[in-house]
Amino acid sequence: MQNYYQKEIETASREELLKIQNEKIVKQVKHVYENVPYYRNLMDKKGVKPEDIKSVDDIKKLPFLSKDDLREAYPYGLMGTDLKNCVRIQSTSGTTGKRVVAFYTQKDIDIWEECCARAIVAAGGTQDDVCQVCYGYGLFTGGPGLNGGSHKVGCLTLPMSSGNTERQIQFMMDLNATILCCTPSYAAFIGETLEEKGYKPEDNKLKAGIFGAEPWTEEMRRGIEKSLGIKAYDIYGLTEISGPGVAFECEEQSGMHINEDHFYVEIINPKTGEVLPDGEKGELVFTSLDKEGFPLLRYRTKDICILSRKKCSCGRTHVKMTKPMGRSDDMMIIRGVNVFPSQIEAVLLKEGYTPNYKIVVDRVGNNDTFDIYVEFTPGQFSDKISDIQTAEDKLKGAMRTMLGIGPKIHLVAPKSIERSEGKAVRVIDKRKLHD
Ligand code: ADP
Ligand code: ZN
């Protein structure tokens, strides 16, 4: 049996959805033009008036917004309503630089939490579930978003926040948690710790996990599913647009449905800004259709992915996005070759290593150095230098096949690479420090 949190809208026909989007965008653009001077200036510069936007097809006439705009307009410059109408501020994690803040009215919070509720129900959540939220609470959107969604569904919510893995495990076992929400890297760590303590996957009551906020590979998904004995679902979002729940996976686990009644999505060529057709890889751009506190139009996320409108067996009609293949600013250019951390992770897991690694890039003279630190798995651990050398050479060869360049591999002792309780930091690019 299929379960939806808001069946009517989640399974609405494409025509119905389009009608809703068209109505919302006309109102939203007019509202932004009248209330957000920063964006009005951008529209004026481009020669676009609110009357030019008659449907979502006209969105392509609007100017883009980027994180630089958000930083320039920080903190209040892109608000869509008076501060007195807002009830909450959240902030980005600052993964790629200075944090930006976003404002929410109560209606914005309700919609955001409903989107998270859709994700929880799609992962099988009901009011019989115990939902353990170990995303960070506070300015980061992960904890508050899933917490609110869990309440809306009626799950018994365990607001753990991140960290203190001992306590996470104790509560998970004592209180029979059935749904786990955290970053995939933290889920992997919890799985590893449970195993270390002698628990088997069937010893816990978990059935599903809702993991997001950072890139993770299919290989990593399979590893987490196996170690925790669950089905692992992806969830995507960003503070600027609301937080987690902008898109979520259904049981098909083949991409995330974007909540199109609230967020209009485009894929563009990141170099030219040209809008690309479904099926082509490019940068995700979102327009909030009904946000009041922080109504961003055509916000460039820098996340790279592909959209698909293929019919989904779950019955939901909303467009699906692939897992982000990394951010355009995640991409490293090493010795002239484009390298994404996700490619490295895929190779490591395929070769039987854990997703615990560090990539260190530096420049000596005019040459880039490229080192990957990765842990032996406990079964592989060896004191013999020749064994280590052989394993390093094999991994280097696999990396070269995938990336086109060969990194220096350093196999290190199990558990010696620091674990993350939130978003994992896996790349240290020292070249930036020298510039
Ligand atoms: P920051 O940009 O500082 O990390 P946020 O905490 O708002 O701020 O995180 C949003 C970003 O996190 C997204 O733009 C995206 O790069 C990443 N992200 C969120 N969910 C996922 C996911 N499921 N898969 C990959 N990346 C994700
Ligand atoms: Zn689906």
Side-chain angles (χ1 to χ4, degrees), residues 2-4 7 10-11 66-67 70-71 89-102 112 115-116 118-119 121-123 135-146 162 181-185 187 209-218 220-221 232-260 263 283-286 294 296 299-305 308-331 340-342 345 420 422-426:
Q2 271 306 335
N3 275 318
Y4 311 97
K7 178 162 193 267
E10 291 180 65
T11 61
S66 67
K67 209 152 199 156
L70 267 63
R71 287 180 180 140
I89 292 176
Q90 303 277 176
S91 158
T92 60
S93 317
T95 310
T96 56
K98 188 179 158 194
R99 291 159 191 261
V100 298
V101 291
W112 173 28
C115 289
C116 290
R118 289 180 192 177
V121 173
Y135 285 110
Y137 280 60
L139 284 169
F140 176 54
T141 52
L146 268 309
S162 58
C181 306
C182 58
T183 56
S185 51
I210 303 177
F211 306 130
E214 64 182 3
W216 52 311
T217 54
E218 282 304 325
M220 187 156 168
R221 183 202 311 260
Y233 297 85
D234 203 351
I235 185 166
Y236 168 87
L238 62 168
T239 314
E240 297 89 322
I241 296 302
S242 69
V246 170
F248 62 93
E249 255 182 351
C250 61
E251 60 185 27
E252 246 200 28
Q253 294 178 305
S254 62
M256 294 176 267
H257 290 286
I258 296 171
N259 286 307
E260 284 184 281
F263 315 111
E283 181 181 346
L284 267 178
V285 174
F286 284 109
F294 206 59
L296 301 189
Y299 180 65
R300 293 185 58 159
T301 63
K302 294 197 169 164
D303 292 324
I304 303 291
C305 76
S308 156
R309 277 172 223 272
K310 264 215 325 260
K311 197 162 184 272
C312 188
S313 62
C314 77
R316 289 178 184 80
T317 47
H318 297 211
V319 66
K320 287 204 281 197
M321 57 180 269
T322 57
K323 276 179 176 303
M325 296 149 189
R327 309 182 183 213
S328 54
D329 50 8
D330 253 4
M331 190 186 79
F340 280 100
S342 57
E345 184 175 307
S420 140
K423 297 192 190 220
V425 179
R426 293 190 167 117

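Sequence positions, counted from 1, serve as the residue numbers for this chain. Both ligands and their constituent atoms are indexed starting at 1 by order of listing.
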Check: Of all residues at least two apart in sequence or in a different chain, which pass the salt bridge (Lys or Arg N to Asp or Glu O under 4.0 Å) check with R300?
Finding: E283
Item checked: Under-4.0 Å heavy-atom contact with ligand 1, by part of E249 that carries it -> neither
Notebook entry, point to check: Side chain, backbone, both or neither: which part of T239 comes within less than 4.0 Å of ligand 1 when only heavy atoms are counted?
Noted result: both
Next item on the list: Mind checking salt bridge (Lys or Arg N to Asp or Glu O under 4.0 Å) for K423 and listing every partner two or more places apart, or none if nothing turns up?
Entry: none
Check: Hey, does T141 sit under 4.0 Å from ligand 1 if you only count heavy atoms?
Finding: no
Next item on the list: With 2.8 Å as the limit, jot down which protein N, O or S atoms are around the Zn ion (ligand 2).
Entry: C250 SG, H257 NE2, C312 SG, C314 SG
Margin query: I need the atoms of ligand 1 closer than 4.0 Å to a non-hydrogen atom of K67, numbered in the order shown.
Written below: 2 (O)
Check: Taking the side chain from T217 and the backbone from S342, do they hold a donor-acceptor pair closer than 3.5 Å?
Finding: no
Notebook entry, point to check: Any idea which part of S93 is under 4.0 Å from ligand 1, heavy-atom wise: side chain, backbone, both or neither?
Noted result: both
Notebook entry, point to check: With a cut-off of 4.0 Å, which atoms of ligand 1 are near a heavy atom of D303?
Noted result: 13 (C), 14 (O), 15 (C), 16 (O)
Check: Can you find a non-hydrogen atom of R99 under 4.0 Å from ligand 1?
Finding: no
Item checked: Heavy-atom pair of closest approach, residues F263 and S242 -> CZ-OG, 3.8 Å
Next item on the list: Can you sort out which atoms of ligand 1 are near D234, meaning under 4.0 Å from one of its heavy atoms?
Entry: 22 (C), 23 (N)
Next item on the list: May I ask you to list the atoms of ligand 1 that are less than 4.0 angstrom from any heavy atom of F140?
Entry: 6 (O)
Checklist line | Any E214 heavy atom less than 4.0 Å from ligand 1 | finding: yes
Would you give me the side-chain donor-acceptor pairs under 3.5 Å for residues 311-318, sequence neighbours excluded?
residue: S313; atom: OG; partner: E252; partner atom: OE2; Å: 2.8
residue: R316; atom: NE; partner: E10; partner atom: OE1; Å: 2.9
residue: R316; atom: NH2; partner: N3; partner atom: O; Å: 3.1
residue: T317; atom: OG1; partner: E10; partner atom: O; Å: 3.4
residue: T317; atom: OG1; partner: A12; partner atom: O; Å: 2.6
residue: H318; atom: ND1; partner: I258; partner atom: O; Å: 3.2
residue: H318; atom: ND1; partner: E260; partner atom: N; Å: 3.1
residue: H318; atom: NE2; partner: I9; partner atom: O; Å: 2.8

Margin query: Within ligand 1, which atoms have a heavy atom of T92 less than 4.0 Å away?
Written below: 3 (O), 8 (O)
Next item on the list: Please say which of R221, R118, K323, K320 ends up in a salt bridge (Lys or Arg N to Asp or Glu O under 4.0 Å) with E249.
Entry: R221
Notebook entry, point to check: Which ligand 1 atoms, with their elements, are less than 4.0 angstrom from a heavy-atom of G212?
Noted result: 23 (N)
Check: With atoms numbered from 1 as shown, which atoms in ligand 1 lie under 4.0 angstrom from a non-hydrogen atom of L238?
Finding: 7 (O), 10 (C), 14 (O)
Item checked: K302 heavy atom under 4.0 Å from ligand 1 -> no
